[in-house]
Undergrad: 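Starting off with a structure, shown below.
Here the structure is a predicted model, which means the values were calculated and not measured.
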Amino acid sequence: MVFKHGLCVALIALMAGAGEAYIAPQFAQAGGALDNPNNAAVKRIRNLGNNSGDRRNVFGFRRTRPEQRSASAPAERKSTPVAPISGPTYKTYRPDRLVAVKFGAISDPLVTGATSDGVSLPPLGMNAFDEGRSALDALDVRALPEAAKAIVDLYSSDPAYLWVAGSSINSAARSVLAVLEDADSVGLNASNYSVEVPEDGYDVTNGAARQQELMRFEMKLSAAVADYVLDATRGRVDPNRISGYHDFKRKTPDLVSALKAVSNSDDAGAALYGYNPQGQHFTAFVEELKHLKQADQGKTIDLPEDLLLKPGQSSAETKNLVRAIEEKASDELKAEHALLLASYIDNAEYDPDIVSLVKGFQKEAGLASDGVVGPRTVRALVGETNAAKIEKVKLSMERARWLPGVLESRRVFINQPAFTATYYEDGKPEFTTRTVVGKKSNQTYFFDDTIETVEVNPYWGVPQSIIINEMLPKLQRDPSYLDRLGYQVTYNGRAVSSSGVNWHSVGRGAVGVRQPPGDDNALGELKILFPNSHAIYMHDTPSKSLFSRDMRAFSHGCVRLQDPRGMASRVLGVSVEEVGREIAQGKNKALPVSGNIPVHVSYFTAWAEPGEKVKYFADVYDRDSYLEKAIDATDAERSASS
């Protein structure tokens, strides 16, 4: 309609004798499509009226002969194939390899001494550490590369025991050994940190042998503690080796300082445990894992995976549905529906009282509380065995180590499997909205960043993957496709019209496309930016219907928000009304976000909000299986090297 209006005005101007053709403002503004005097469309409009025949042709006084039209038709163009742009791939995981600690690099000469009767005695001036040094010649200790280096660095510069006092292990050693032996409770593998402890009894006449035994223990325990610090801090798995959908800079804790700090602490065990992630989410994981390991599997109530039950219907499965909710629901929900649960007598009708019970359960489970029982409701009721939950909690513990060890009190947390984005203030969730994330073929990445800007009435810069994979075939058939949509096009950085581009020969990156602000803009009213190499951000959308679904993986990778104004108001620190006033001005505007607000674009199939129990979510991208394989490969490597 815009083009027709502009053309009509141009023709009227020509009839009135206005020598230069009129160009509709909204067309002239669209990416320079008609600003270019060499553009063919501009020439045609400007040449109108140069002779009377043109005017008669325009208004239908004379028909163009078919042979004239065919003679001027462009020759058929052949397309140059352009490889589609694909997303990252999943890889065969290569675990960290353990290396031998190079004890020969530890400085100071080995000194030994013996009396004539064969009883070993330390030479005058020799300390206990020096006395045990000879054990290092044949000692084979393997550790993670960073740990192996830290041990050499530590004992070369400060040759003294950390875990030994006199002829016995000290209290710090006993304290950290208890934490290492309990590593399974925090989702690690205790066998990776196993250290043989010297017996309390020994031959007091052979002090040198005792010190050698203690030296072997000292080095093995330091290696185990250093490995634990690494694993607890950053995880056993490097997520970037799993797939390109992960983007984390691997943490590099100062292991020399860590070994000193733990061994010198008043409570060495607590100090070592403190390298695990801090926060209520991790505490909830630890408590849930303990509970699941102690719990019996309990009664299981079967429901068909493909069950579909709507309000007002009847089904023989209604009784199993009620009993399953009775097993799974919270005490609060059961108290609220106590009369129904006490009086229910296996009626097959899915009546309003049962619908209300189901809606309450769906809300607790983070599902759409519509009362329709489908696969996701069934899965929430019976689909997670204790064993499956234990595995999800362990995987979530591993993923928690990729995040900062202490999460900022003010932050935004996006959990893709839960399809939610949550704003935290003072460490508490203050605002949560539903999200739509990337579909399986366009997965949303897992990374951390910092929110910088809220852009109202935004432009949408169309990603190259969409231009090449989705738009290009249409444009080769219909070059004016983007012109009609009002999109702005650049070719090698120069504004052009869509119809002026030879779409049969474009290469990747040569063409840029963006959609101006407006009611139909794919980003809606606003977008929330945290600049990253993946071009992922949070944004509004004119398509609201998908938010009512339970499974919401439909985007090209960005995160759509059901309530973008609510999120924008929180990160900007202003009212929702003020955000609305900025939008109402209709102008593209960038609003800077003050302060440091981290955003975690995360992937957790088990998660707990502060004060809540752990909730479980479907593995929408099948990432759990890849992480499981990575952990299995890591355990296999460490077992082989131990």
Undergrad: Any sub-3.5 Å donor-acceptor pair from Thr420's side-chain atoms to Arg434's backbone N or O?
TA: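 Between the backbone of Arg434 and the side chain of Thr420 there is no qualifying donor-acceptor contact (under 3.5 Å).
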Undergrad: Would you call Arg399 and Ser602 a side-chain contact if the rule is heavy atoms closer than 4.5 Å?
TA: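 In short, these two side chains do not touch, never coming nearer than 4.5 Å.
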Undergrad: Which heavy-atom pair separates Thr318 from Ala348 by the least distance, and what is that distance?
TA: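 Looks like OG1-O, 2.8 Å.
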Undergrad: Go through it in stages, so that I can follow the logic: the residues are Asn192 and Tyr228, the test is side chain to side chain contact (heavy atoms under 4.5 Å, CB included), and I'd like the CA-CA distance, side-chain angles, deciding distance and then a yes or no.
TA: CA-CA 8 Å; Asn192 295 161; Tyr228 183 98; over 6 Å; no
Undergrad: Give the intermediate values and the outcome of side chain to side chain contact (heavy atoms under 4.5 Å, CB included) for residues Ile467 and Leu472.
TA: CA-CA 6 Å; Ile467 295 173; Leu472 188 56; 5.7 Å; no
Undergrad: Is it true that a side-chain atom of Arg623 and a backbone atom of Asp619 form a donor plus acceptor pair closer than 3.5 Å?
TA: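 It does not hold such a pair.
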Undergrad: Does Asn442 use its side chain to pair, donor to acceptor, with the backbone of Gly557 at less than 3.5 Å?
TA: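 Checking the backbone N and O of Gly557 against the side chain of Asn442, no donor-acceptor pair under 3.5 Å is found.
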Undergrad: Is there a donor-acceptor pair closer than 3.5 Å between any side-chain N or O of Asn189 and the backbone N or O of Ser191?
TA: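 A pair under 3.5 Å: yes.
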Undergrad: Parallel, tilted or perpendicular for Phe413 and His600, by the 30°/60° rule?
TA: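 Judged by the thresholds at 30° and 60°, the geometry between Phe413 and His600 is tilted.
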Undergrad: Would you call Tyr350 and Val355 a side-chain contact if the rule is heavy atoms closer than 4.5 Å?
TA: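 Sidechains of Val355 and Tyr350: in contact.
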Undergrad: Return the set of residues passing ring pair (Phe, Tyr, Trp, His ring centres under 6.0 Å) with Tyr616 (not counting sequence neighbours), or none when no residue passes.
TA: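 By the ring pair (Phe, Tyr, Trp, His ring centres under 6.0 Å) rule, Tyr616 matches no residue at all.
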Undergrad: Is it the case that more than 12 heavy atoms not belonging to Lys91 sit under 6.0 Å from its NZ atom?
TA: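 Yes, enclosed.
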Undergrad: The criterion is side-chain contact (heavy atoms from CB on, under 4.5 Å); which residues satisfy it with Glu425, sequence neighbours excluded?
TA: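 Arg410, Tyr423, Glu430.
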Undergrad: Can you check whether Ala636's main-chain N or O pairs, donor with acceptor, with Ser639's side chain at less than 3.5 Å?
TA: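 No; judged by distance alone, with no hydrogens or angles, the pair does not exist.
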Undergrad: Could you tell me whether the side chain of Thr605 and the main chain of Lys392 form a donor-acceptor pair under 3.5 Å?
TA: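 Between the backbone of Lys392 and the side chain of Thr605 there is no qualifying donor-acceptor contact (under 3.5 Å).
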Undergrad: With a 4.5 Å cut-off on side-chain heavy atoms, are Ile597 and Phe530 touching?
TA: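 No - every pair of side-chain heavy atoms lies 4.5 Å or more apart.
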Undergrad: Roughly how far, to the nearest 0.5 Å, is the CG atom of Leu333 from the CG atom of Leu357?
TA: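 CG of Leu333 is found 5.5 Å from CG of Leu357.
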Undergrad: Hey, is Arg638 close enough to Asp227 for a salt bridge, meaning N to O under 4.0 Å?
TA: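 A salt bridge is absent here (no side-chain N lies under 4.0 Å from a carboxylate O).
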Undergrad: State which residues pass salt bridge (Lys or Arg N to Asp or Glu O under 4.0 Å) with Lys440; sequence neighbours excluded, sorted by chain then number.
TA: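 So Lys440 forms a salt bridge (Lys or Arg N to Asp or Glu O under 4.0 Å) with Asp622.
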Undergrad: What pair of heavy atoms forms the shortest contact from Ala324 to Leu303, and how long is it?
TA: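 Answer, listing the atom of Ala324 first, then Leu303: CB-CD1, 4.3 Å.
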Undergrad: Tell me whether Arg323 is salt-bridged to Glu326, with the criterion being a basic N under 4.0 Å from an acidic carboxylate O.
TA: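 Yes, Arg323 and Glu326 are salt-bridged.
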Undergrad: Looking at every heavy atom in both Leu340 and Asp353, which two are closest together, and how far apart are they?
TA: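 What the structure gives for the nearest pair is CD2-O, 3.7 Å.
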Undergrad: For Lys474, enumerate each residue passing the salt bridge (Lys or Arg N to Asp or Glu O under 4.0 Å) test, keeping only those at least two apart in sequence or located in another chain.
TA: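 By the salt bridge (Lys or Arg N to Asp or Glu O under 4.0 Å) rule, Lys474 matches no residue at all.
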Undergrad: Hey, are Asp624 and Lys394 close enough for a salt bridge, meaning a charged N less than 4.0 Å from a carboxylate O?
TA: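 No, no charged N to carboxylate O under 4.0 Å.
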Undergrad: Please output the side-chain donor-acceptor pairs of residues 573-586 that fall under 3.5 Å, not counting sequence neighbours, one pair per line with the distance.
TA:
residue, atom, partner, partner atom, Å
Ser575, OG, Glu578, N, 3.0
Glu582, OE1, Lys589, NZ, 3.2

Undergrad: In Å, rounded to the nearest 0.5 Å, how long is the span from OG1 of Thr422 to CD of Glu609?
TA: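 Taking OG1 in Thr422 and CD in Glu609, the distance rounds to 5.0 Å.
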Undergrad: Considering all heavy atoms of both residues, which atom of Pro417 and which atom of Ala618 are nearest to each other, and what is their separation?
TA: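 Shortest heavy-atom separation between Pro417 and Ala618 comes out as CB-O, 3.5 Å.
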Undergrad: Please list, chain by chain and in numerical order, all residues satisfying ring pair (Phe, Tyr, Trp, His ring centres under 6.0 Å) with Tyr90, sequence neighbours excluded.
TA: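 Scan of Tyr90 (ring pair (Phe, Tyr, Trp, His ring centres under 6.0 Å), adjacent residues dropped) gives Tyr245, Tyr626.
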Undergrad: What do the steps show when you test Val437 against Tyr621 for side chain to side chain contact (heavy atoms under 4.5 Å, CB included), and what is the final call?
TA: CA-CA 11 Å; Val437 299; Tyr621 297 147; 3.6 Å; yes
Undergrad: Using 0.5 Å steps for rounding, measure from the CE atom of Met471 to the CG atom of Leu482.
TA: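 So the gap between those two atoms works out to 5.5 Å.
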Undergrad: For Arg94, look at atom CZ and say whether over 12 heavy atoms of other residues, nucleotides or ligands are found less than 6.0 Å away.
TA: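 No, CZ of Arg94 has 12 or fewer neighbouring heavy atoms, counting only those of other groups under 6.0 Å.
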Undergrad: Once salt bridge (Lys or Arg N to Asp or Glu O under 4.0 Å) is applied, do any residues pair with Glu317, and if so which ones, sequence neighbours excluded?
TA: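 Scan of Glu317 (salt bridge (Lys or Arg N to Asp or Glu O under 4.0 Å), adjacent residues dropped) gives none.
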Undergrad: For the side chain of Glu408 and the backbone of Asn596, is there at least one donor-acceptor N/O pair under 3.5 Å apart?
TA: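 No; zero donor-acceptor contacts below 3.5 Å.
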Undergrad: If you count heavy atoms of other groups shown closer than 6.0 angstrom to CG of Asp520, is the number above 12?
TA: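 Result for CG/Asp520: open.
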Undergrad: Please check if the number of heavy atoms outside Lys293 that lie under 6.0 Å from its NZ is greater than 12.
TA: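 Result for NZ/Lys293: enclosed.
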Undergrad: Among residues two or more places apart or on two chains, list those pairs meeting salt bridge (Lys or Arg N to Asp or Glu O under 4.0 Å) that have a residue in residues 543-558.
TA: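 Qualifying pairs: Asp540-Lys544.
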Undergrad: Salt bridge between Asp96 and Arg241, side-chain N to carboxylate O under 4.0 Å?
TA: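 Arg241 and Asp96: salt-bridged.
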Undergrad: Show your reasoning for whether side chain to side chain contact (heavy atoms under 4.5 Å, CB included) applies to Val620 and Met551.
TA: CA-CA 8 Å; Val620 64; Met551 202 291 290; 4.1 Å; yes
Undergrad: Minimum heavy-atom separation for Asp247 to Ser533, with atom names?
TA: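 Heavy-atom minimum between the residues: OD2-OG, 4.1 Å.
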Undergrad: Not counting sequence neighbours, which residues clear salt bridge (Lys or Arg N to Asp or Glu O under 4.0 Å) with Arg236? List them please.
TA: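 Counting only residues at least two positions away or on another chain, Arg236 forms a salt bridge (Lys or Arg N to Asp or Glu O under 4.0 Å) with Asp635.
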Undergrad: Has the side chain of Asp182 got a donor or acceptor atom that lies under 3.5 Å from a matching backbone atom of Ala178?
TA: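 No, the answer is negative, given that no donor and acceptor are paired below the 3.5 Å cut-off.
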Undergrad: Between Phe248 and Phe446, is the gap from one ring center to the other below 6.0 Å?
TA: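 Yes, close enough.
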Undergrad: Nearest 0.5 Å, what's the CD-OG1 distance between Gln562 and Thr541?
TA: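 Reported to 0.5 Å precision, the distance equals 11.5 Å.
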Undergrad: His534: which residues meet the ring pair (Phe, Tyr, Trp, His ring centres under 6.0 Å) condition with it, sequence neighbours left out?
TA: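 With neighbours one apart ignored, the set is Tyr445, Phe447.
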Undergrad: Taking only residues at least two apart or on different chains, which pairs with a member in residues 452-466 satisfy salt bridge (Lys or Arg N to Asp or Glu O under 4.0 Å)?
TA: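 Matches after skipping sequence neighbours: Glu455-Lys527.
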Undergrad: Who passes side-chain contact (heavy atoms from CB on, under 4.5 Å) against Gln362, sequence neighbours left out?
TA: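 With neighbours one apart ignored, the set is Val358, Lys359, Leu367, Ser369, Asp370, Thr377.
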Undergrad: Could you measure the distance from the OH atom of Tyr603 to the OG atom of Ser396? Nearest 0.5 Å is fine.
TA: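 It comes to 10.5 Å.
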Undergrad: If I take atom CG from residue Leu475 and atom OH from residue Tyr481, how far apart are they, to the nearest 0.5 angstrom?
TA: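 Atom-to-atom, Leu475:CG and Tyr481:OH are 7.5 Å apart.
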Undergrad: Please check: side-chain N/O of Asp346 versus main-chain N/O of Lys319, any donor-acceptor pairing under 3.5 Å?
TA: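 Such a contact is absent between Asp346 side chain and Lys319 backbone.
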Undergrad: For His539 and Trp460: C-alpha separation, side-chain torsions, deciding distance, then whether ring pair (Phe, Tyr, Trp, His ring centres under 6.0 Å) applies.
TA: CA-CA 10 Å; His539 66 87; Trp460 176 43; 8.5 Å; no
Undergrad: Measure the shortest side-chain to side-chain distance between Asp449 and Val601 over non-hydrogen atoms and say whether it is less than 4.5 angstrom.
TA: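 SC-SC contact between Asp449 and Val601 ruled out.
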